[in-house]
Amino acid sequence: MERLKGGKYIIATDVGGTCTDTVIFAAGEGLKLGKALSTPPNFADGIINSVYSAAEEIGLSLAELFSSCRLFVHGSTVVDNALLTRTGDRTGLITTKGFEDTLLMTRGAYGRWGGLTEDKIKHPVATDRPEPLVPTDRIEGVSERVDYKGEILLQLDEAAAEISIRSLIEVGKVDAIAVSLLWSFFNPQHEKKIKEIINKVSPGVYVSLSNEIAPVPGEYERTSTTVINAYAGSITKNYLTSLESQLEAEGYNGEILVMQGYGGLLSAREAADRAVGMLECGPAAGVIGSRYLGSLMGEENIIAADMGGTTFKVGVIQDGELSHSREPMVDRFHYVAPKIEVVSIGSGGGSIISLDPRTNIPRIGPISAGAVPGPVCYGQGGDEPTLTDVMLLIGYIDPDRFLGGSIKLDVENTRRVFNKKIAQPLGLDIETAAFGIYRIAAAQVTDLIHEITVEQGLDPRDFVLHAFGGSCPLLCSMFGAELNVKNIVVPYAASVNCAFGLASADIVHEYTHTETCSLPCSAEHINNIFKPMVLKGHSQLLSEGFTDKKISLEWAIDFRYGRQVHEVTTPIKVSVPLDDENMSQLISDFETLYERRYGKGSAYKEAGIEMTMFRLTARGLVERPNVEKSQYSGIDSKGAQIGTRNIFVDAKDGMVEAPIYDFDKLSSGNEITGPAVIHTPITTIVIQLDQVGKMDDLRNILIKSI
Amino acid sequence: MKSRLSETLSFNGRGSIVCSCCEYKICDQDLHWKKSVIISEESMQDLCGDNYTVSQGLLLRRFFCPGCYALLDTETAIHDDPFLYDKIIK
Amino acid sequence: MDPITFSIIRHRLFRIVDEAVITLKHVSGSAITNEGHDLMVSLYRADGSLLMGGVGFLHHLTSAAEACKSIINKFNSDINENDVFLLNCPYTAALHTSDVYLVAPIHSEGKLVAWSACFVHVYDIGAMNPGGFSPESLDIFTEGFSSPGLKIVDRGEIRKDVMDTLLNMVRSPEMVALDISSMIACNNVARDRMQGLVKKYGISIVDEACSNLIDQSEDLLRERLLELPDGSWESRQYFNVKDETYKVILKMTKSKDTLSFDFSGSSPQSKYGINCSKWASWGGLFAPLFPLLCYDITWNEGVIKPIEMKAPEGTVVNATRPAPVSIATVGAIQAVNNAACTCISKMLSASDKYKNEATAVWHGSHFAIFMFGKNQRSSDSIGILTETFGGAAGARSIGDGVDVGGEIPNPISRMANVETMEWTFPVRYLFRRRLKDSGGPGTYRGGAGAEFAITPHDAPDGGINYVVSGKGTSYPMSEGLAGGYPGAPSRYTWIKNQKKNSDRCLSDDLLVGSNSYEGDKENISWGVFPLFGNDYLHVRWNGGGGYGDPLKRDLKSLEKDVNEGLVSENAAKEIYGAIIINGQVDLEQSVILRKNILNNRVRGGGS
Ligand SMILES: [Zn+2]
């Protein structure tokens with residue numbers, strides 16, 4: 001990239017719901033981390049504060065830092081936030097006449113139960129659809145029809161379309177219009193024509209076309225995606241423009257790259273037109289960060305877990321490849337866009353513990369105590385025990401050293417509340433009850449990880465576990481052991497992993513072409529499908545300043561068996577362009593993948609094989625400075641021990657005196673035998689009995705069973 | 001004490017079933033309340049409009065409160081079918 | 001037992017069922033399984049009693065328990081580790097022949113510890129009509145392959161002779177083979193995971209947790225029943241085939257902590273396949289009972305214990321062999337679902353604490369239309385129009401029913417996209433949209449049903465045939481509640497010889513709706529029909545029942561209904577007493593009209 005050449009630093013900021021994190025990479029220096037509170041709706045303030053806190057660590061002023069910054073990478077919840085708070089544009093929808101209700105009918109009950117937990121699904125009388133982003137009176141049907149082959153059966157009635165558009169703008173007062181017609185991904189002519197008419201009638205209206213935003217079959221999901229994009233379009237655009245000018249004012253005049261839900265970066269200009277691309281980009285960045293860290297440590301199979309105050313999120317990396325969600329949702333709206341799969345449950349440090357009043361069975365979450373009043377131990381008036389309180393009661397958290405000692409925790413009151421609400425009704429002493437809750441939390445997380453590993457045919461024993469976030473390092477030694485993972489890693493950047501992921505991502509453009517071809521199909525035909533995408537991707541990256549050496553073009557095809565609904569994206573690992581010989585290798589790759597994903601015996605060859613979508617991933621490899629490694633300084637960790645404390649070990653031994661270590665005093669090679677606790681400025685790492693922890697040369701803590 | 005018989009009817013706690021809307025005393029609490037209210041029996045097709053292309057003989061029975069004329073209950077019925085009887089043991 | 005371990009084991013059991021469901025969907029790969037969620041997976045205890053019911057078609061949870069028990073009796077000492085049994089005889093335990101149960105024993109250390117069971121609606125079962133619903137069958141013998149229990153996997157080995165025999169009797173055997181494989185895989189996963197659980201905690205701990213789980217459900221349901229008033233509630237469902245009309249009559253009685261369902265008075269069994277067997281009625285009443293009464297209780301044997309049923313033999317709800325039952329799941333069973341929903345809801349309505357749990361009937365009638373013939377790629381194709389899973393929710397005391405909002409007995413159904421249907425079958429849709437005046441009127445309106453029309457498109461044979469076995473056309477089946485009206489009935493209209501302007505050009509006015517049809521119209525509901533040449537099929541599906549007096553519906557909500565095209569101005573006036581002109585409610589006139597209608601009621605007068 002043109003502007004990548006100068007400057008020493010890569011700055012990455014991730015705007016999350018609560019905090020804005022910063023990671024700075026610099027040649028020849030270690031990582032620098034920064035953190036500040038997010039400041040919606042003017043997120044830029046939080047961004048600057050966060051960068052400032054990292055700059056301080058280097059000992060630079062903001063201006064000094066920005067003037068020697070060569071790349072600013074960014075991820076943000078701005079689009080998720082616009083949807084959650086319903087602050088997007090007043091949006092209208094134009095669709096094929098006769099199908100105006102597609103968005104509102106949500107394929108029947110799918111939009112009623114989608115995004116609900118199983119508990120709620122089992123209680124249908126209490127469920128409703130969310131209010132749609134576009135109500136009936138802002139949906140217009142236009143006369144036109146394209147068939148399943150892309151053939152036009154009925155020409156667009158342009159005069160009538162113009163009347164519909166005027167009505168949306170003049171009567172409906174819309175600021176944005178989504179256009180989604182049947183089969184438009186096979187033949188976009190009518191959508192394009194409608195955009196022309198909108199631009200003519202009112203150039204200021206923001207327009208999203210379904211064939212551009214989500215060129216895939218399935219009109220409900222495609223329409224929903226296009227509507228989301230139109231709804232959040234101008235918010236996203238304004239956000240990125242204002243970020244650009246704010247950074248310029250601070251002295252940065254380089255490129256801003258923006259994270260997408262599929263784990264790649266786009267230039268801010270391009271990202272501005274694809275609001276849906278930014279959905280859930282934070283968690284995606286987390287997984288990317290995990291992959292990068294894995295590559296530094298020589299690991300390709302990783303379970304990336306993140307646990308903060310309210311949610312536990314986890315993604316899986318297998319052989320360095322990420323898996324993608326099939327049916328993503330945002331705030332209970334379906335959309336379709338390439339997105340890294342990250343599953344979650346409502347279990348975090350702030351999750352409230354309660355007993356089912358009828359059965360006395362303990363429950364964790366889904367309600368969270370939030371930042372205010374927070375856990376009981378914060379002493380801010382919280383009187384519902386949370387997981388954080390449990391960690392305190394079993395000695396894992398130090399009341400005097402929480403968040404670097406910034407908050408002093410109230411043990412007395414926590415014991416009193418927990419005893420009254422949980423331990424006594426269970427008939428257990430405080431520590432045993434608290435450890436029981438800890439075990440349940442670990443078991444639920446184990447079950448969730450089971451879902452995305454074992455249930456997908458993957459064996460957790462082949463994986464290492466990365467534990468990110470403020471709460472995960474407290475729990476990971478327990479569920480990691482339960483899952484029998486090879487190794488548990490608490491990364492140095494555990495508390496800012498999304499920002500770390502941003503800093504380690506590449507520029508990625510995704511192109512797709514939808515066409516169904518049955519096998520046998522000539523290699524030449526497929527090559528011809530890819531050719532225009534290859535040209536487009538290549539020239540795009542060249543124009544962004546990448547040289548051929550830094551450009552990687554990855555081909556993939558979605559295959560399925562005839563009369564089957566499941567498609568499998570199969571990366572083309574053989575050399576391209578294809579020839580007939582490596583075609584057969586490709587097909588066998590698909591069959592292997594299919595059986596791995598859908599189980600033995602699921603491959604139904606008799607009905608033939610079809611290709612449904614052709615995907616090109618054009619990757620511009622961003623050059624990164626090497627992360628500085630620290631010198632090995634022996635296994636002895638005595639020097640880092642700062643005291644002892646009683647912590648709960650197991651049901652047999654109960655509370656046992658264990659050594660406490662200061663993370664900042666540990667150095668590469670130091671080993672710690674469990675049970676033990678390590679305090680970092682941001683979190684606490686617990687090492688269980690029969691485990692040993694070790695600091696590696698990247699200052700990660702590795703935990704292994706003995 | 002007052003208690004519910006249904007969404008629209010209550011027991012007044014003094015031996016009677018009453019309209020929850022207007023407290024009109026409909027009947028003794030052990031009796032079949034539908035026999036003490038205003039009954040309308042009409043062809044469902046005539047009553048509900050074009051979309052109800054149902055069998056000609058199908059009726060919509062409606063039970064109104066004699067005090068305030070509120071609609072207390074409905075049932076679909078073929079001519080001679082008995083009233084559906086919902087009762088609560090007091 | 002220790003509540004912590006109990007809680008962990010319970011969570012794991014949930015996950016095991018869930019994972020088995022995913023396996024079933026993955027391997028089957030069919031539209032009815034994946035879109036319609038027409039499936040079920042559950043775990044059973046060693047004696048065949050329900051341990052953990054999954055979210056699927058809920059009337060199967062108890063029937064599959066009967067299937068397990070029946071296999072236990074029949075095979076007795078011949079039940080071995082890694083066996084799988086097949087059962088689909090409706091007079092033994094199944095609902096109809098095409099919903100095939102595969103049940104498998106789960107052993108640990110050589111001891112039988114549990115069973116898993118699942119079903120999918122198989123691609124075909126060899127009945128007279130393709131796809132399983134067989135309106136032309138007049139006895140069980142013509143409803144296809146039917147087994148009261150056979151061993152299909154013997155100690156881990158598929159019995160090829162048995163499999164071949166089954167596949168020899170069905171259409172598209174390769175698709176049926178895949179359905180069977182999916183169920184075998186599903187049982188394998190359930191067994192694997194269950195064995196893992198037992199290995200980790202030991203047989204006795206898991207056994208104790210399972211029995212506690214069942215006791216707990218029983219205690220919870222009994223406690224809930226004690227909170228509800230004692231009494232009895234009645235409901236009635238009508239449905240017809242051709243000129244015959246049938247009734248399902250239900251009297252539900254609650255006494256202390258028990259609940260009994262009495263179907264005395266229901267019609268004698270039909271000569272058509274809309275009957276159902278006893279176990280099917282038993283399952284049919286549980287389908288709404290689980291989500292309505294036990295939304296926060298684990299669905300297992302404990303919930304079943306306080307419940308009794310009486311269903312006289314020889315009736316539509318307890319047919320005597322060899323009566324046909326192939327349409328049962330969308331026939332008598334659905335009438336049982338609806339009747340039970342109404343009685344349970346009326347009971348909930350009588351309680352201050354539970355009144356908000358009451359609901360009018362959802363999607364009272366499925367329209368199981370199966371297409372069969374050559375698709376546009378010239379391959380043989382059988383499949384359901386998945387719109388039937390679109391449904392429509394009943395209104396509640398807390399709000400309107402959800403438009404096209406599904407059904408109670410199958411909480412996570414959905415329908416396929418138009419683009420999927422047009423890709424799968426040689427048809428073109430003219431429209432698919434919510435249906436005006438279909439939601440049952442009430443203070444809270446029943447959810448709207450919907451309508452669509454299709455015509456052949458690129459069919460190599462010039463068209464395709466379809467089987468329709470729909471009820472709910474002459475009698476609306478989505479009953480209203482508390483004064484609400486029933487939802488509009490379903491209607492299937494065959495339009496013959498509609499003039500098409502030319503093969504490749506559509507007349508635009510046809511897209512606007514049904515009124516502009518020029519061809520001959522025939523309302524149909526039973527049998528096999530063509531969709532060839534210039535034929536059209538226009539399907540309107542039923543709305544949900546309404547809740548409360550329509551005269552009390554909020555005028556602003558009505559104005560919105562009219563503007564959204566869900567209620568006509570005429571119905572607003574005649575039924576709801578609201579004057580809405582040009583999308584604006586006339587408050588003053590409406591108040592006067594409502595007063596007049598109310599006064600008319602003095603004489604038992606109508607609206
Ligand atoms: Zn009254």
Side-chain angles (χ1 to χ4, degrees), chain B residues 1-11 20-21 29-30 32 34 37-78 80-90, chain C residues 229-236 238 240 245 247 251 255 343 346-347 349-352 355 358 397 435-438 441 473-476 479-486 488-489 491 523 540 543 546-552 568 570-571 574-575 597-607:
Chain B
M1 217 187 67
K2 216 178 144 177
S3 64
R4 286 170 75 96
L5 167 62
S6 70
E7 177 69 35
T8 53
L9 295 166
S10 309
F11 297 99
S20 300
C21 208
Q29 66 184 20
D30 305 322
H32 191 338
K34 282 185 179 169
V37 297
I38 303 172
I39 299 161
S40 146
E41 230 179 37
E42 277 186 75
S43 149
M44 190 177 290
Q45 223 176 79
D46 296 346
L47 196 65
C48 295
D50 295 345
N51 254 3
Y52 285 68
T53 48
V54 295
S55 163
Q56 257 311 329
L58 189 68
L59 306 170
L60 183 69
R61 286 185 186 145
R62 293 178 299 162
F63 303 90
F64 301 124
C65 166
C68 68
Y69 314 130
L71 177 53
L72 301 171
D73 203 359
T74 53
E75 56 181 58
T76 53
I78 294 173
D80 283 333
D81 278 330
F83 292 159
L84 297 171
Y85 183 22
D86 300 332
K87 66 178 177 200
I88 283 172
I89 319 263
K90 284 311 288 178
Chain C
D230 280 354
S232 60
W233 295 266
E234 294 181 344
S235 65
R236 181 169 53 216
Y238 299 105
N240 70 314
T245 296
K247 294 175 208 173
K251 178 176 185 169
S255 175
C343 283
K346 289 203 270 195
M347 174 175 71
S349 258
S351 151
D352 276 316
K355 60 182 190 229
S397 73
L435 178 59
K436 188 178 281 185
D437 289 336
S438 59
T473 52
S474 298
Y475 302 95
E479 283 286 283
L481 197 66
Y485 293 12
R491 200 179 344 163
N523 284 331
R540 298 167 176 89
Y547 190 99
D549 188 345
L551 275 196
K552 292 182 178 165
S568 63
N570 193 45
E574 299 292 331
I575 301 174
I597 294 175
L598 210 57
N599 286 331
N600 261 335
R601 289 176 170 178
V602 183
R603 296 175 292 281
S607 312

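In this text the structure is predicted, and so the values were computed from the model without any measurement. Order of the sequence lines fixes the chain letters, A, B, ..., with proteins taken first and strands second; residue numbering starts at 1 for each chain.
For C/N523, the CG atom counts as densely surrounded, since its 6.0 Å shell holds more than 12 non-hydrogen atoms of other residues, nucleotides or ligands. By the neighbour-count criterion of 12 heavy atoms within 6.0 Å, atom NZ of B/K34 is densely surrounded, having more than that number from other residues, nucleotides or ligands.
With a 4.5 Å cut-off on non-hydrogen atoms, B/C65 does not touch chain C at all. For B/I78, the parts sitting under 4.5 Å from any heavy atom of chain C are the backbone and the side chain alike. Contacts of C/R491 with chain B are made by side-chain atoms alone, with heavy-atom separations under 4.5 Å and no backbone atom involved. For C/Y475, the parts sitting under 4.5 Å from any heavy atom of chain B are the backbone and the side chain alike. Both the backbone and the side chain of C/A488 have a heavy atom closer than 4.5 Å to some heavy atom of chain B. Contacts of C/K436 with chain B are made by backbone atoms alone, with heavy-atom separations under 4.5 Å and no side-chain atom involved. Both the backbone and the side chain of C/S232 come within less than 4.5 Å of a heavy atom of chain B. Interface remark: C/L435 contributes side-chain atoms only to the contact with chain B (heavy atom separation under 4.5 Å). Looking at B/D81, the atoms closer than 4.5 Å to chain C (heavy atoms on both sides) sit in the backbone and in the side chain alike. Only the side chain of C/T245 comes within contact range of chain B, judged by heavy atoms closer than 4.5 Å.
Nearest heavy-atom pair across B/T76 and C/E479 is OG1-OE2, 2.9 Å. Taking both residues in full, the closest heavy atoms of B/I88 and C/W233 are given as CG1-CZ2, 3.9 Å, listed atom of the first, atom of the second, then distance.
Contact count versus chain C (heavy atoms, under 4.5 Å) is highest, among B/T53, B/L60, B/D73, B/L72, for B/T53. Among C/S397, C/S568, C/G484, the residue making the largest number of heavy-atom pairs under 4.5 Å with chain B is C/G484.
The side-chain heavy atoms of C/K552 and B/C21, taken from C-beta on, include a pair separated by under 4.5 Å. In this structure the side chain of C/D352 reaches within 4.5 angstrom of the side chain of B/R4, judged on heavy atoms. Looking only at side-chain heavy atoms (C-beta outward), B/V54 and C/P476 come within less than 4.5 Å of each other.
Within the 3.5 Å criterion, the main-chain N or O of C/S349 finds no donor-acceptor partner in the side chain of B/E7. One N or O on the side chain of B/Y52 and one on the backbone of C/P486 form a donor-acceptor pair closer than 3.5 Å. Checking side-chain atoms of B/R62 against main-chain N and O of C/R601 turns up no donor-acceptor pair under 3.5 Å. Side-chain atoms of B/N51 never come within 3.5 Å of backbone atoms of C/P489 as a donor-acceptor pair (strictly under, hydrogens ignored).
To the nearest 0.5 Å, the span separating CG on B/L5 from NZ on C/K346 amounts to 10.0 Å. Distance check, rounded to the nearest 0.5 Å: CG of C/L598 to SG of B/C68 gives 7.0 Å. B/K87 NZ to C/D230 CG: the interatomic distance, rounded to the nearest 0.5 Å, is 12.0 Å. Note that CG of C/D549 is 9.5 Å distant from OG1 of B/T8, once rounded to the nearest 0.5 Å. Between B/F83 atom CZ and C/E234 atom CD the span is 12.0 Å, to the nearest 0.5 Å.
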Starting from the C-alpha separation in whole Å, work towards a yes-or-no answer on side-chain contact (heavy atoms from CB on, under 4.5 Å) for B/L71 and C/Y485.
CA-CA 11 Å; B/L71 177 53; C/Y485 293 12; 4.0 Å; yes
